[in-house]
Amino acid sequence: MQEGLDDGPDFLSEEDRGPRAVNVDLQTDATLQVDISDALSERDKVKFTVHTKSTLPNFKQNEFSVVRQHEEFIWLHDSFVENEDYAGYIIPPAPPRPDFDASREKLQKLGEGEGSMTKEEFTKMKQELEAEYLAIFKKTVAMHEVFLCRVAAHPVLRKDLNFHVFLEYNQDLSVRGKNKKEKLEDFFKNVTLLRITPDVDDFFEHEKTFLLEYHNRVKDASAKSDRMIRSHKNAADDINRIASSLYSLGTQDSTDVCKFFLKVSELFEKTRKIEARVAADEDLKLADLLKYYLRESQAAKDLLYRRSRSLVDYENANKALDKARAKNRDVLQAETSQQLCCHKFEKISESAKQELIDFKTRRVAAFRKNLVELAELELKHAKVKGLVTVRSPFIVKGVTGCLCMRKRGSMRRYSGLKTVQ
Amino acid sequence: MNVISKFHGFVASSSGKSGPASLPAEDISTNSNGPKQDSLFDDDPEDLFAEATEEVSLDSPERDVLLSDGPSPAITPITPPTSVITPRIGLAHDDMFTHSSFDEIEEEEGGDSFDIHIAVSDPEKVGDGMNAYMAYKVTTKTSLSLFKTDEFSVKRRFSDFLGLHSKLASKYLHIGYIVPPAPEKSIVGMTKVKVGKEDQSSNEFVEKRRSALERYLMRTVKHPILLKDPDVLQFLESSELPRAVSTQALSSAGLLRMVNKAADAVNKMTIKMNESDAWFEEKQQHFENLDVQLRKLHASVESLVCHRKELSVNTAQFAKSAAMLGNSEDHTALSRALSQLAEVEEKIDQLHQDQANADFYLFSELLGDYVRLITAVKGVFDHRMKTWQKWQDSQLLLQKKREAEAKLQFTNKPDKLQQAKDEIKELEGKVQQGERDFEQISKTIRKEVSRFEKERVKDFKTIIIKYLESLVQTQQQLIKYWEAFLPEAKAIS
């Protein structure tokens, strides 16, 4: 890792805290408040400082911090998933692994290509890449924080012992990540049961159909929005290069021509900054939102799966009971087991219903907030960009209606259906 | 503006150099663009303006007539279109032209309202299969008296344009005029069109070519000398044009061109010129730098066009995906908002597409044109070097002959001596001519370069402003779309 990219303690400023929990509409509860107060990026690890403020008696102090790594978050998440008692809840989705590979690659390429560009270009690109690295870093911190906040806000999960250990124990938790076999098992679990068993309960039947379709579409939308934003960033990079080239043209000598080029270069530089910001905002408000709900809808699906499984267990227990009664052997055993299954199933169904309703409410609120903010930001940027262009020294009179767009006749797309008109 | 007056201007010695100056007497043939051999110093070139120049005198009224804008009925530079043109003015009349100067011509140009507009339109496919070609309608609108009518159009095909360029290049490049290069051939592109693929890429290709041809013609007629050239006039006006076969890429003429180009490159490396004029050295360096910079800029702009097109495609895909998501969302208000988002994104994708086109046609193509133009400029500098070389060569030859003559003086061969003396006289003439040629081409280049720089600034300024206007338009549209979407988003409850 290059120097200058290890981020120190004063990395996260106050104003960053607000929009972090953007994808989830959470009530902050004074009895337990969790956040990530600091983060350090080291080689291929990120160390998060988890800070807790609590009035609960379970903890030794009212305020304390520990350092955690990504694997420990995953351990906590998995412990929730494996806990039978939590079968009826939507387990908050685990944060994705911090992924700086792409950024690191770019930085490396930049270092290799240092000889082929001017000093100004090199410094500019380096700054760009550092900013990108920073953005990814902030995002991963945000996602880890959201996970913890969701757990802290959940009435049952917040009391989990593992969670308290996670928050308080200030040594390394020595967890091991899942190996390939375990990951494969996880994958196959979900595929099987959910589709086959039709449900008597209308609510759950509806939810099942809904979630299956929704999850797939969110996945698609998330992928497409990522691609769109990447193209946007590429275009902004190109504008950056154009601005640099124009600058070199402008610095050849001090004739009028060159002054002209310098001015144009400035304009492109400003435009580029705005384009980059548009792409970043779209990323934050749209792409992250979709990614988050992709994970949450998966967690909701997992809940439904667990409920289906318990239903199957219940039905099997019924059959076993009938068999036992018929043979008049181990009837009591079968009865208790059947009652257990019944009870478990009902408990899961009840909490699942509430969880799914909450999920919908959360989802609608998050989408609303993000879409409104997205539209407002896009408007702001478009207005600024328009002003920057109009106020530039080239356009003297106000430019409103007149423009020089090529006629579209021969350039119309021939392929692709327009579904939305 | 009158042709003759222009030539008089070039002939005059504005920088105070003594001695006559004239346009070189090279016999310029139309069948090769390569380097000229010594046999071109033909002693009897067709003297186009000999008669015309005799009519000019120092009397003011006639001179005023010459220098004014209007038509000069007594002097009409007409030759049969296919003949070889040698713009040469007789040596004996040089002293008459010392009064008109470069400066006056400059002022004339400044006050001139350049009133000619050429449009290339209506590409249509003629014929079928591999012999098919695209025919373009070339419409000229002008109030210049050079033309017979105010508005007229003809049908031309791509090889006609190439033929025109090849003729102009062979006539003018060697004497220092920057002839705008023609659009490039594209075998792949044309084959697609010939084969009849009616798809977007071949339509784009045709549109790109049409636009390039239009720019080419406009640039050519903006050049005051080229505008008056009979080949140009014929190209614009006459309904039938002899087919320019030598422009085919794989023809023998094409191969000859390629061989000549290679020979040129080798020759260039071997000429070591003593540059006595700092201006030329500076300008050459300047053009080298400009070449590098423009190429880089062009590459970046092309990349931008590519990415914007990509962005447009990806936005369209996202729009569809968002619409699907909206369909499956069971909360009605959110569902509606998502569908609206999809619509907005769909419109934005079209915006991106349009912006990409603007990027391309305004910006990228302009840069491409200038990269090619600078190659032409560099070529003109090279010709100057070659002209210098020729002059030096004939000087060396003269010296040798003189030495030989001196030796012959001591032998008793009167007829050989006479022959030597005749040869020397001839060579002296050649040396003088060589020097004049060199000075003339240097002068022409200076003027051409300053004109080029002016045009360049004008071109770039115009294009950048148009481009910025398109940016503003895009932003305004974006604002409209997002403003329409915002209340929908807020309505989610």
Side-chain angles (χ1 to χ4, degrees), chain A residues 210 213-214 217-218 220-221 224-225 227-228 230-232 234-235 238-239 241-242 245-246 248-249 252 256-257 260 264 267 271 360 363-364 367-368 371-372 374-376 378-379 382-383 385-386 389-390 392 394-395 399-400 402-406 408 410-411 413-416 418-421, chain B residues 199-200 203-204 207 289 293 296-297 300-301 303-304 307-308 310-311 314-325 328-331 334 337 339 341-343 346 354 357-358 361-362 453 456-457 460-461 464-466 468-473 475-476 478-479 482-483 485-486 489-490 492:
Chain A
F210 165 71
E213 194 186 56
Y214 188 78
R217 294 201 177 162
V218 164
D220 189 50
K224 300 267 163 68
S225 78
R227 276 223 293 269
M228 176 175 83
R230 207 174 19 241
S231 297
H232 217 143
N234 284 341
D238 284 330
I239 298 183
R241 268 188 285 262
I242 292 176
S245 290
L246 285 171
S248 324
L249 269 173
Q252 295 218 314
D256 277 343
V257 187
F260 172 76
V264 180
L267 177 67
T271 320
K360 181 163 167 176
R363 186 176 79 238
V364 172
F367 266 81
R368 179 185 191 281
L371 287 179
V372 168
L374 176 69
E376 285 172 350
E378 292 268 6
L379 268 175
K383 283 188 182 144
K385 198 155 156 215
T389 322
V390 166
S392 74
F394 309 105
I395 303 189
V399 177
T400 42
C402 68
L403 77 118
C404 246
M405 280 167 78
R406 287 278 141 182
R408 294 224 227 123
S410 55
M411 303 312 298
R413 288 178 298 161
Y414 287 91
S415 57
K418 292 200 179 188
T419 53
V420 182
Q421 211 47 49
Chain B
D199 70 348
Q200 193 193 347
N203 282 330
E204 275 181 20
E207 173 59 28
N289 286 346
Q293 297 296 341
K296 218 162 69 150
L297 186 58
S300 299
V301 175
S303 174
L304 175 63
H307 283 138
R308 253 218 241 272
E310 225 178 70
L311 176 59
N314 287 343
T315 310
Q317 285 189 334
F318 173 71
K320 282 195 208 124
S321 185
M324 299 276 274
L325 186 63
S328 65
E329 173 61 63
D330 60 354
H331 185 272
L334 180 55
S339 306
L341 179 68
E343 270 184 45
E346 173 95 18
D354 290 341
N357 285 336
Y361 283 106
L362 290 180
E453 293 284 306
R456 175 162 80 100
V457 174
F460 270 92
K461 274 197 176 146
I464 296 270
I465 290 180
K466 279 198 198 149
L468 292 180
E469 285 175 6
S470 82
L471 278 184
V472 169
Q473 182 72 7
Q475 297 319 307
Q476 286 179 335
L478 269 179
I479 290 173
W482 285 110
E483 270 177 354
F485 174 71
L486 192 55
K490 286 192 171 152
I492 305 171

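Values in this document were obtained by computation on a predicted structure and should not be read as measured data.
With a 4.5 Å cut-off on non-hydrogen atoms, A:Phe210 touches chain B through its side chain but not through its backbone. The contact between B:Leu304 and chain A is made by backbone and side chain atoms together, counting heavy-atom distances below 4.5 Å. The contact between B:Leu334 and chain A is made entirely by side chain atoms (from C-beta outward), counting heavy-atom distances below 4.5 Å. With a threshold of 4.5 angstrom between heavy atoms, B:Val301 approaches chain A through its backbone and through its side chain.
Between B:His307 and A:His232, every side-chain heavy-atom pair lies at or beyond the 4.5 Å cut-off. Residues B:Asp330 and A:Lys360 have side chains in contact (heavy-atom distance under 4.5 Å, counting atoms from C-beta outward). With a 4.5 Å cut-off on side-chain heavy atoms, B:Ile464 and A:Leu267 do not count as touching.
Taking B:Glu310, B:Gln317, B:Arg456 one by one and counting their heavy-atom pairs under 4.5 Å with chain A, the maximum is reached by B:Gln317. Among the candidates B:Leu478, B:Leu325, B:Asn289, B:Leu341, the residue making the largest number of heavy-atom pairs closer than 4.5 Å to chain A is B:Leu325. Of the listed residues (A:Glu376, A:Glu378, A:Arg230, A:Arg363), the one with the most heavy-atom contacts under 4.5 Å to chain B is A:Glu378. Contact tally against chain A (heavy-atom pairs below 4.5 Å) for B:Lys490, B:Glu453, B:Lys296: the top residue is B:Lys490. With chain B as partner, the option from A:Ile242, A:Leu246, A:Ile239, A:Thr271 having the largest number of non-hydrogen pairs under 4.5 angstrom is A:Ile242.
Distance check, rounded to the nearest 0.5 Å: CG of A:Leu371 to CZ of B:Phe485 gives 4.5 Å. Put simply, CD on B:Glu329 and CZ on A:Phe367 are 7.0 Å apart, with the number rounded to the nearest 0.5 Å.
Minimum interatomic distance between A:Arg217 and B:Ser328 (heavy atoms only, all atoms of both residues): NH1-CB, 3.5 Å. The two atoms that bring B:Glu483 and A:Leu379 nearest to each other are CG-CD2, 3.5 Å, heavy atoms only. A:Lys224 and B:Ser321 get closest at one heavy-atom pair: CG-CB, 4.1 Å. B:Ser300 and A:Arg241 make their closest contact through OG-CB, 3.7 Å (heavy atoms, listed as atom of the first residue, atom of the second, distance). For A:Lys383 against B:Ile479, the heavy-atom pair with the smallest separation is CG-CD1, 3.4 Å. Taking all atoms of both residues into account, the shortest heavy-atom contact from B:Val472 to A:Gly386 is CG2-O, 4.4 Å.
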